[in-house]
Amino acid sequence: MGISLWLVPGTTQAMVHLQYPVCNSDDQPEAIINDVSERYNSPLFIPHITLATLEVQDAPRILASAATDLGDALVARFAGVEIGGTFHQSVFATIEPSPELLALRAEVERRLGALWMPSSLYPHLSLAYGDSNKQQILDELASQNMISVVGSVVTVGGLTEFPVSEIWVVNSSRNVAAQDAGDEGAIAHLESSDSEFNPSKADGPTAEDEDVSEEHEGEEDQLEDDSFGEASDDSGSRTGIGPYPQNAQPRKFYRPKVRLVAPKDLKFRPSTVHRRIGTVEHLTKGPLPFVQPEIHFKEPDYTSTDTLNRTFDSSWWKEAATKGNTMWSESQLRPLAYVDVEFSSHWSPASTNANPPLVLDPRTCLLGPHNSLQAVTIAPLTALQLGHMIPDSSALVFNVGAPATSLDWCPLSPNQSGARIHCKPRARYLAVATLPQKAYSLLVGSRRACPASIQLWQLSAVEGSAAATVLACNTLLHIDAGPAVQLKWCPLPCNSVSVDSTVSRSWRKLGLLAGTFADGSLSLYGVPDTSSTVREDHSIPVKAHLRPMARLQLEHTSCWCFDWANSCTLAVGCSNGAVVLTKIPAALRQSAATNATVGKLATNARFPANPPSELSPTHYFSVHQSAVRSIVWLRLPRGPNGADKDPTTIVTGGHDGRVCIVDVRDVRPTVLHRSRDVILDTAFCAHAGQPLAPDFGNIARMYSVSPIILGHGQTIVETNGPIWSLSTSDYHAHLAVGNADGSLITTNALRPSKRMRSGPVFCHRIYQLEYSERTDTYRMLDQFQPSAHVLSEATANASKDAEIEDDAAKTTSTASGAWPKEVTLTSVAWDSGGGIVNSPLLASSTASGLCRIDWLANQLYDQHVDIKTKLPK
């Protein structure tokens, strides 16, 4: 043996299951390598696949060079377990010789040329070293269920496969001559001899690790000049760092030069922005509401500072994986989902005289310019255009009549060639969840089923107008699960599409709506499009009863928050701190088929007799010490070969003040940040590939998920009140923040990271809601000038920064630290389901029931603002 290249698992799960003990329970035995080493006094080593071995003097430098830029990581699958005839091939698991593994070996062989010495039995992973007890070891592993072979499925340590995402250069010799050891200067490139691998450290680098990395950073260029050194033991004698004395551990370089480039299957993916290959739709100029924009196809530019160049669909859905596609249209990026599933058996018309299960109250609000506010009473389920009071304003204010808890835009499929969508042309639909009455409160963990409703608002173009819009409450959806805690549409369109030239008067599918409700359940509803209903008075909404198609209910806990990974997989946060994963396609199809049959036998019944399909958890694991308040998927593929698979990483925020990140492949949460506040919301920025969460001090931060700087935060915006809701868009990088002080703020989430560019980061205050308890009157202020959030690293002149900060402090009121609960912005949502033309639409809801829709194309595409402009007094 000499100097070797080892392919090593890069995830905690693989390391723990193959080498380190997890627990001593019967259903999860100790890891194999550790167990065999203790029982038979055999060497303990890191799980690895030997790629190549050299026995020349300059081998470390040659192999380190050959291991550079080898491409993406890959997955190794077990093919069997065998006994070998040598010390290093005592008991081992054979690996399927996949094309990726063979191509990797061929590339290393090409780089090494005549020095190439192939490893025997490639590829294999050793489970034990030694010359004796081989059959006994194999029999014991099989009897303890540490290895099993069922048909073609081979399981080793509970794993059928593991990711290979690191490559190590190690000395695999038992005895190394002193002249080959090199000078002591090279030892700095290796981990210290008394630092054994600790699974707990695999979650991310500690501060000590980062200091050591920085210490060796200056020595980066010494590898080519230094020979391969070895670690020293306590006695001062040099020993090898391979399978060597008892329990000795191989040491790896700190340096990235000896790792695979862009490892896609690390626990947290280092390269976080999904870069789609090919061309996507871009805007030629800023869009207008419901006006077909000028579109051209070009490759995404992730480094451009021009807002139009950075406006494109950056989302990733596994359903859009099309091999060989190089020109991505909107219909390809967001294909229709559940085309074969019929929703109609789960809704029925309600009587027009039926009272909605909530108390609707009018709201009196002062609107208009700052110096000429007018008192306006907004009746329940009506909307008001602010353009009549504020020139050049395109905002719409509407009253849902009760405190609103959540809202979301319905995704619709774009018009396709030869097909017509059965919903009102040029229309957007917004679902709003409300409480039954003002005094009603949602209690964490409490289950209370009662009649409730979800409002469906329709935003459409005015006939004969180029860009004018009208908003109306289209449908009242009555449910029996209680008020919704959170609502989210299926991110892919589920509306009906037909090639017929005539539109039927019957209701058709509009979308699939999921929500967590006061009865503790996660329920999925098929929502009808009622725009084809003939009505004498269009100001009166259509009423419909909804019955869940599928439902998730857990014993001893309540579903509190959730997020869609795609159209198939959901992650649910529970009131006991646990997270549940579930898949819905089978349950939806079963429910649709069953209810269609039963419905024919019960046509006179309000609903079919059978209950909804029950969803079964695929994962259940604890993350927080108290209720999970928010959860979001990091919608990033595992790599070029993982575009058709589910994402694997989620970020959660809890009432315990922790922001945690979890890889669902090993379900071991890692704390990104601890705060003294409840983490009320989390979001994922697709343009940055990183999660966002609020922090103590009214700050929104973006957190790194790269392994080297895991958890490092970047301040994006600072507000005057606690942050209640966050929203990001798939089409642009602007973050919307809803606050408890009644303000809605937007800012560019990528701008604070541009540290080398001069100038402050601008925050746009869209509006400010205030409330007077004495007069029971609201005041909504508009037309704020942008405020400057100054970052010392982002500006070029410190004296000018101080001047801007002084001006802002003098003109911004921060006199109060408490606000009426009625002004809280409970939910904000960018429109990411209506195509690139509707991406500037931003909806927001408040605890008063006053909600608003803003068209923010000016803030997104026209940001030439004088930074010296002072704020209004």
Side-chain angles (χ1 to χ4, degrees), residues 7-23 27-29 31-32 46-47 49 72-78 93 95-96 98 100 125 153-166 197 199-204 260 262-272 274 316 318 563-566 568-573 578-583 616-623 631-652 660-672 684 689 691 705-707 710:
L7 300 177
V8 180
T11 64
T12 304
Q13 181 187 28
M15 283 289 192
V16 167
H17 282 254
L18 292 174
Q19 181 177 12
Y20 293 95
V22 181
C23 64
D27 59 340
Q28 193 172 13
I32 293 178
I46 294 293
I49 300 173
D72 290 337
L74 42 88
V75 175
R77 294 178 177 84
F78 294 113
I95 306 296
E96 291 184 5
S98 63
E100 293 82 4
L125 185 142
V153 179
V154 179
T155 304
V156 178
L159 302 174
T160 58
E161 61 182 31
F162 63 91
V164 175
S165 54
E166 291 187 359
F197 180 84
S200 64
K201 290 188 177 182
D203 293 341
L260 291 171
K264 66 186 178 188
D265 265 313
L266 282 172
K267 185 175 182 184
F268 308 117
R269 188 171 181 263
S271 180
T272 53
H274 173 49
W316 163 70
K318 73 172 186 178
D563 191 32
W564 294 84
N566 41 56
C568 302
T569 307
L570 288 167
V572 185
V579 170
V580 176
L581 306 186
T582 184
K583 292 185 178 293
S616 299
T618 60
H619 296 68
Y620 182 94
F621 50 93
S622 180
V623 178
I631 188 170
V632 65
W633 284 94
L634 300 190
R635 288 186 281 104
L636 297 167
R638 301 180 187 177
N641 298 326
D644 58 345
K645 299 179 176 62
D646 288 336
T648 60
T649 308
I650 58 176
V651 172
T652 62
C660 296
I661 185 169
V662 186
D663 191 314
V664 299
R665 293 170 293 180
D666 67 2
V667 297
R668 296 179 58 178
T670 299
V671 178
L672 285 179
F684 170 69
V705 295
S706 298
L710 181 66

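Heavy-atom basis, side chains included; hydrogens, waters and symmetry copies ignored. We're numbering straight along the sequence, starting at 1.
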Using only atom types and a distance under 3.5 Å, with no angle test, would you say the side chain of Thr155 pairs donor to acceptor with the backbone of Thr160?
no
When every non-hydrogen atom of Pro47 is compared with those of Val8, the smallest separation belongs to O-CG1, 3.8 Å
Determine the minimum heavy-atom distance between Asp563 and Trp633, stating which atoms define it.
OD2-N, 2.8 Å
For the pair Asp666 and Arg668, find out whether any cationic side-chain nitrogen is under 4.0 Å from an anionic carboxylate oxygen.
no
Step-by-step side chain to side chain contact (heavy atoms under 4.5 Å, CB included) determination, Val579 to Val662
CA-CA 10 Å; Val579 170; Val662 186; over 6 Å; no
Gap between atom NZ of Lys583 and atom CG of Leu570 - 0.5 Å precision:
9.5 Å
Considering all heavy atoms, the nearest Pro691-Leu634 contact:
CB-CD2, 3.9 Å
Using 0.5 Å steps for rounding, measure from the CD1 atom of Ile661 to the OG1 atom of Thr670.
7.5 Å
When every non-hydrogen atom of Phe78 is compared with those of Ile95, the smallest separation belongs to CD2-CD1, 3.7 Å
Distance-minimising heavy-atom pair for Ile650 and Phe621:
CD1-CZ, 4.1 Å
Just so I know, are the side chains of Val651 and Phe684 near enough to count as touching, which here means a heavy-atom distance under 4.5 Å?
no
With side chains defined as the heavy atoms from C-beta onward, is the minimum distance between Lys318 and Asp646 less than 4.5 Å?
yes
Are any side-chain N or O atoms of Thr648 and backbone N or O atoms of Asp663, one a donor and one an acceptor, separated by less than 3.5 Å?
no
Evaluate the side-chain proximity of Ile631 to Val572: yes if any heavy-atom separation is below 4.5 Å, no if none is.
no
Find out whether Pro647 and Val664 are in side-chain contact, i.e. whether some heavy atom of one side chain is under 4.5 Å from a heavy atom of the other.
no
Locate the shortest heavy-atom distance separating Gly689 from Val705; write the atom from each residue and the value.
O-CG2, 4.1 Å
